[in-house]
Amino acid sequence: MTDDYEHYEAVVVGAGPGGAAAAATLARNGVETLVLERGVDAGSKNVSGGLIYAEESSPYTIDELFPGFREEASDREVTEHYIHNVAGREVKTFDLGELHHHDTEWADSVLRRKMDSWLAREVHEMTRETGGGLLTEVRVNGLLREGAEIVGVTCDELDPIEADVIIAADGVNSELARDAGLMDWEEPDEWFQGVKAVVDMPEGAIEGRFDVDGDEGVAHLFSGDLFENVRGGGFLYTNDESLSIGTVFHLDSIADERAEPQELLDNLLTHPLLTDWLGGEYDELEYSAKLVPDSKKVAHPSPYRDRLLLVGDAAGQMQAQGPIIKGMNHAVTAGALAAEAFVDARSRGDTDAAGERYVAKLEAEGVMDKLRPTRYRTLGKLGEVGPVASAMDAVTDSVVGRAAISALGDRAESLFNSPFLMGMLPDTRMGYVTVPTVIAEELGEPVDGLNTVEPPELDDRIGDLTYDVDEGNPHIELRDNAFAASGTAVTACPVSAEDFGGGCYRDEYVGTNGTEEHVVSLDTQPCVECGTCAVVADTDWTHPRGGKGVEYERG
């Protein structure tokens with residue numbers, strides 16, 4: 001009987017920016033709120049690129065919800081934004097200032113452990129005053145039901161908890177969204193995979209090497225032939241005393257090309273263009289990875305069921321449209337709107353209406369059209385039809401296409417700065433590989449310099465991470481160890497590789513009754529919990545128990 005369980009008005013699962021925004025809004029409205037976080041500290045399980053934006057059109061921004069946020073929890077304000085089109089040593093750079101400043105009040109670089117742990121302290125103080133609070137090292141493993149209706153959550157470490165509303169901000173691998181039937185892991189083309197290195201910078205190096213003042217930062221994006229024809233690109237963001245350098249690719253492209261994520265990252269780190277920025281000594285502080293939902297395809301138009309409301313990555317609310325990469329700001333907005341919807345519903349004595357009100361607010365505030373642009377659904381998607389995509393790619397790389405790009409010259413920069421065009425960019429090689437490569441070949445200039453960076457080997461990268469292994473409780477189990485079913489995980493897993501035997505996945509030949517079988521084996525000890533294998537391999541995947549698994553120091 002659920003009457004026997006502890007009850008709160010609101011339970012928020014996950015203490016990232018979406019969960020924090022929801023909890024703060026609930027607490028300010030006097031709603032008794034309990035926040036549950038599975039990491040040893042908020043942010044210890046989270047990774048982002050990352051920039052957090054405050055959009056002028058958004059009804060909620062993180063600094064409005066949390067005064068003092070920018071002084072205490074973020075790194076540098078990013079004031080300059082560039083994209084580099086690369087073909088070998090030929091590079092053509094465009095200033096993306098117009099695109100970057102469109103609808104932008106400000107944008108700051110952040111590291112998740114620093115940001116999320118600060119937000120969590122604020123949230124804990126606010127929610128304690130409602131009779132709730134924030135608990136870490138608690139994994140919410142499913143939904144509590146009364147009959148068929150969702151009425152609460154179940155946990156590994158606590159008894160079930162009943163609530164009038166459950167706000168799931170438990171990230172891209174949301175177990176609550178899956179339990180409710182609102183998310184699946186069926187299609188690799190619905191996901192991006194990001195891999196990142198945080199690189200130490202000597203005092204004063206960022207100001208000197210990037211020509212910025214002490215309180216300013218810069219963002220660089222990279223596309224073209226750097227990444228072995230895999231669809232996606234790279235990024236470099238300046239933090240206070242470090243750089244976040246990473247790559248983000250369509251997961252289906254990584255799988256199709258049998259690309260290895262850490263090698264694609266190394267292609268960027270060792271390109272001559274980065275020589276002056278990285279300097280003579282390379283000190284990599286942390287290696288990390290995560291999946292990112294492609295909001296154009298999976299942002300849920302109705303992200304609720306019964307008392308459960310999804311926000312942020314759990315609802316597919318990550319906007320990655322060419323050089324437009326925004327996620328945390330949408331999570332903040334959605335979290336606050338979900339809380340606002342519950343408060344409205346409660347004031348009318350009808351808390352069951354919170355989900356419908358939440359959806360109405362997402363539509364009315366324009367959030368859904370940013371995540372799933374109408375222009376993409378009506379025009380951009382046509383470019384992904386096989387024959388159309390092939391034709392567009394061929395024309396771009398033809399004599400005619402090259403002549404057109406040459407004629408455009410620097411006027412091409414204005415096309416990259418159009419939010420309208422970027423919002424309808426098809427997910428094909430044309431936009432991420434072919435056009436940037438042709439631009440660089442036709443308009444670019446050679447980059448001088450010798451990049452002497454030697455990125456760490458994969459075993460050093462995963463060996464430097466902190467893990468608390470949950471002996472006897474593997475959080476991933478192979479359902480089919482045949483190479484045909486699960487072999488892609490060997491190359492696509494960021495802590496595995498085809499020729500590397502110390503990572504999460506390995507392929508091997510096993511002799512049985514005179515025959516030899518090609519199979520995959522698994523060791524979850526070095527797992528970074530990105531969830532890639534849940535999409536590209538045949539697995540049962542859950543989060544580790546509370547506090548277990550990888551612990552990011554920076555994120």
Side-chain angles (χ1 to χ4, degrees), residues 172-173 178 183-196 223-235 246-265 267 289-300 313 316 318-325 327 371-372 376-377 380-393 424-437 480 482-498 504-505 507 520 528 530-539 541:
V172 67
N173 305 316
R178 282 181 281 146
M183 175 197 285
D184 62 43
W185 274 333
E186 298 296 322
E187 304 298 335
D189 67 350
E190 295 178 347
W191 306 90
F192 302 94
Q193 185 202 64
V195 175
K196 187 177 81 170
S223 59
D225 72 354
L226 262 169
F227 305 113
E228 304 171 17
N229 289 327
V230 184
R231 302 196 319 277
F235 63 86
T247 51
V248 180
F249 298 103
H250 289 77
L251 184 56
D252 60 323
S253 187
I254 287 179
D256 291 345
E257 300 290 339
R258 290 280 180 183
E260 297 184 359
Q262 80 285 349
E263 289 190 350
L264 300 176
L265 172 64
N267 287 353
K290 73 162 290 183
L291 282 188
V292 180
D294 184 348
S295 72
K296 300 190 302 296
K297 298 165 184 168
V298 300
H300 205 298
D313 279 358
M318 171 67 201
Q319 182 186 10
Q321 296 156 7
I324 301 174
I325 306 171
L371 297 170
R372 304 188 73 149
Y376 169 76
R377 285 181 280 132
K381 237 178 160 178
L382 286 175
E384 296 170 17
V385 177
V388 177
S390 297
M392 292 169 64
D393 206 50
M424 61 184 286
L425 188 69
D427 286 339
T428 64
R429 289 186 70 248
M430 184 196 70
Y432 294 98
V433 180
T434 309
V435 167
T437 301
D480 187 342
F483 190 81
S486 301
T488 305
V490 177
T491 50
C493 170
V495 290
S496 182
E498 194 169 22
C504 197
Y505 281 84
D507 70 295
V520 173
V528 291
C530 66
T532 294
C533 57
V535 186
V536 302
D538 191 359
T539 65
W541 199 104

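Along the sequence shown, the residues carry numbers beginning at 1. Values in this document were obtained by computation on a predicted structure and should not be read as measured data. Just so it is clear, the values below take in all heavy atoms, side chains as well, and ignore hydrogens, waters and symmetry mates.
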Using the rule given for side chain to side chain contact (heavy atoms under 4.5 Å, CB included), can you reason through L264 versus F249, listing the C-alpha separation, both sets of side-chain angles and the distance that settles it, and then say yes or no?
CA-CA 10 Å; L264 300 176; F249 298 103; 3.5 Å; yes
Is there a side-chain contact between N229 and R429 in this structure, where contact means two heavy atoms from C-beta onward sitting under 4.5 Å apart?
yes
Nearest 0.5 angstrom please: C533 SG to L291 CG, how far?
9.0 Å
Between Y432 and L425, is any pair of side-chain heavy atoms under 4.5 Å apart?
yes
Determine whether a donor-acceptor pair (N or O, by modelled atom type, separation under 3.5 Å) exists between the side chain of R258 and the backbone of T491.
no
Tell me the closest heavy-atom pair linking V195 and P494, and the distance in Å.
CG2-CB, 4.3 Å
Please check: side-chain N/O of Q193 versus main-chain N/O of A492, any donor-acceptor pairing under 3.5 Å?
yes
Correct closest heavy-atom pair for P261 and A259 would be CD-O, 3.7 Å
Would you say Q319 and I325 make side-chain contact, with heavy atoms under 4.5 Å?
no
Nearest 0.5 Å, please: how far is CD in E257 from CG in D252?
10.0 Å
Does K297 offer a backbone N or O that forms a donor-acceptor pair with the side chain of R372 under 3.5 Å?
yes
Say whether, by atom type as modelled, one donor and one acceptor occur between the side chain of N267 and the main chain of L226 under 3.5 angstrom.
yes
May I ask you to decide if D480's main-chain N or O and S486's side chain share a donor-acceptor pair within less than 3.5 Å?
yes
Passing option when W191 is tested against I254, V292, V172, V298 for side chain to side chain contact (heavy atoms under 4.5 Å, CB included):
V172
Under a 4.5 Å cut-off applied to non-hydrogen side-chain atoms, are S295 and Q321 in contact?
yes
So, taking the atom named CG in D538 and the one named OG1 in T488, what distance separates them when rounded to the nearest 0.5 Å?
11.5 Å
To the nearest 0.5 Å, how far apart are CZ in F227 and CG in L265?
8.5 Å
So, do Y505 and V495 sit near enough that their side-chain heavy atoms are less than 4.5 Å apart?
no
Salt bridge present between D427 and K381 (N-O < 4.0 angstrom)
no
Residues T434, D393; criterion side-chain hydrogen bond (donor to acceptor under 3.5 Å, both in side chains); working and verdict
CA-CA 7 Å; T434 309; D393 206 50; 2.3 Å; yes
With side chains defined as the heavy atoms from C-beta onward, is the minimum distance between D184 and E190 less than 4.5 Å?
yes
I'd like to know whether N173 forms a side chain to side chain contact (heavy atoms under 4.5 Å, CB included) with W541, so could you lay out the CA-CA distance, the side-chain angles of the two residues, the decisive distance to 0.1 Å, and finally the verdict.
CA-CA 9 Å; N173 305 316; W541 199 104; 3.7 Å; yes
Other residues, nucleotides, ligands: >12 heavy atoms within 6.0 Å of E228 CD:
yes
Minimal non-hydrogen separation, A537 against A489, with atom names
CB-CB, 3.9 Å
Within the 3.5 Å criterion, strictly below it, is a donor on T428 or E384 matched to an acceptor on the partner's side chain?
no
Gap between atom CZ of F192 and atom CZ of R231 - 0.5 Å precision
8.5 Å
Do the non-hydrogen side-chain atoms of C493 and T532 ever get within less than 4.5 Å of each other?
no
Between T437 and D225, do the side chains contain an N or O donor and an N or O acceptor separated by less than 3.5 Å?
no
Taking side chain as C-beta onward, heavy atoms only, is D313 less than 4.5 Å from K290?
yes
Interatomic distance, CG@L251 vs CG@D294, rounded to 0.5 Å, equals 11.0 Å
